[in-house]
J.: 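The structure is given below, and queries will be raised subsequently.
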Amino acid sequence: DGGITQSPKYLFRKEGQNVTLSCEQNLNHDAMYWYRQDPGQGLRLIYYSQIVNDFQKGDIAEGYSVSREKKESFPLTVTSAQKNPTAFYLCASNQAGNTIYFGEGSWLTVV
Amino acid sequence: EDQVTQSPEALRLQEGESSSLNCSYTVSGLRGLFWYRQDPGKGPEFLFTLYSAGEEKEKERLKATLTKKESFLHITAPKPEDSATYLCAVQGGGGGNKLTFGTGTQLKVEL
């Protein structure tokens, strides 16, 4: 089936640890996005990429890093510099100018 | 800076009791206004895209309308399965395809 796959669904991070969230799409979309969702707040854009090997910071990029080595993959690393990483993370993709579709999300909790 | 405000924050309806959700926005050069439905612990599911004032779109019990300053999501004769959080987002002309989201309206439909 075509779609956006995020993994893992649940992830726990210890203090000082980097963790990576995976996002894979088989929709042949050029653009991919990472959003963060916190209770009572709207989705906030972390990073986005419009083509392979290129990406831009969103509104809350500090403490995060990404790569876009392949069209279908856009992994997000939550570094130890992110002081409040506990949240629901959503990956999305679209073809330029068209509707943005979302994956099922990943929960990250700091322990 | 694009901004989206949704109201009410929460809405409780009886089955069959029609109502409307509001999305007010300010954006530099609207390229599209999007409505999504989000169930707890899931990624947002696309509902509608509206591009210009006066446009309307319908899907089952839902109808979305757009003016130059706001959008409404009308729910006619809702059922319990319509219970979800409804998110509104705008895509402005500031470059890229990124969306700016409101905080959502949490709808609960009771028997």
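Numbered from 1 within each chain, the chains take letters A, B, ... in sequence-line order.
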J.: Within the distance-only criterion (no hydrogens, no angle test), does the side chain of A:Asn26 pair as donor or acceptor with the backbone N or O of A:Gly3 below 3.5 angstrom?
T.: yes
J.: Can a side-chain donor-acceptor contact be found between A:Thr86 and A:Asn84 if the only test is distance below 3.5 angstrom?
T.: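 Note: A:Asn84 and A:Thr86 side chains miss the donor-acceptor criterion.
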J.: Among A:Ile100, A:Leu90, A:Leu45, who wins on heavy-atom pairs under 4.5 Å with chain B?
T.: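 Winner by heavy-atom pair count: A:Ile100.
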J.: Quick check on A:Gln37 against chain B: is it the side chain, the backbone, both or neither that has a heavy atom closer than 4.5 Å?
T.: side chain
J.: Chain B heavy atoms under 4.5 Å from A:Glu104: which part of the residue, side chain, backbone, both or neither?
T.: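 Contact with chain B is through both the backbone and side chain of A:Glu104.
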J.: What part of B:Gln106 lies closer than 4.5 angstrom to a heavy atom of chain A: side chain, backbone, both or neither?
T.: neither
J.: State, to 0.1 Å, how close A:Asn94 and A:Thr99 come at their nearest heavy-atom pair, and which atoms those are.
T.: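 Scanning both residues completely, I find the closest heavy atoms to be CB-O, 3.1 Å.
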J.: Strictly distance-based, threshold 3.5 Å: is any side-chain N or O of B:Glu110 a donor or acceptor partner for the main-chain N or O of B:Leu13?
T.: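 Checking the backbone N and O of B:Leu13 against the side chain of B:Glu110, no donor-acceptor pair under 3.5 Å is found.
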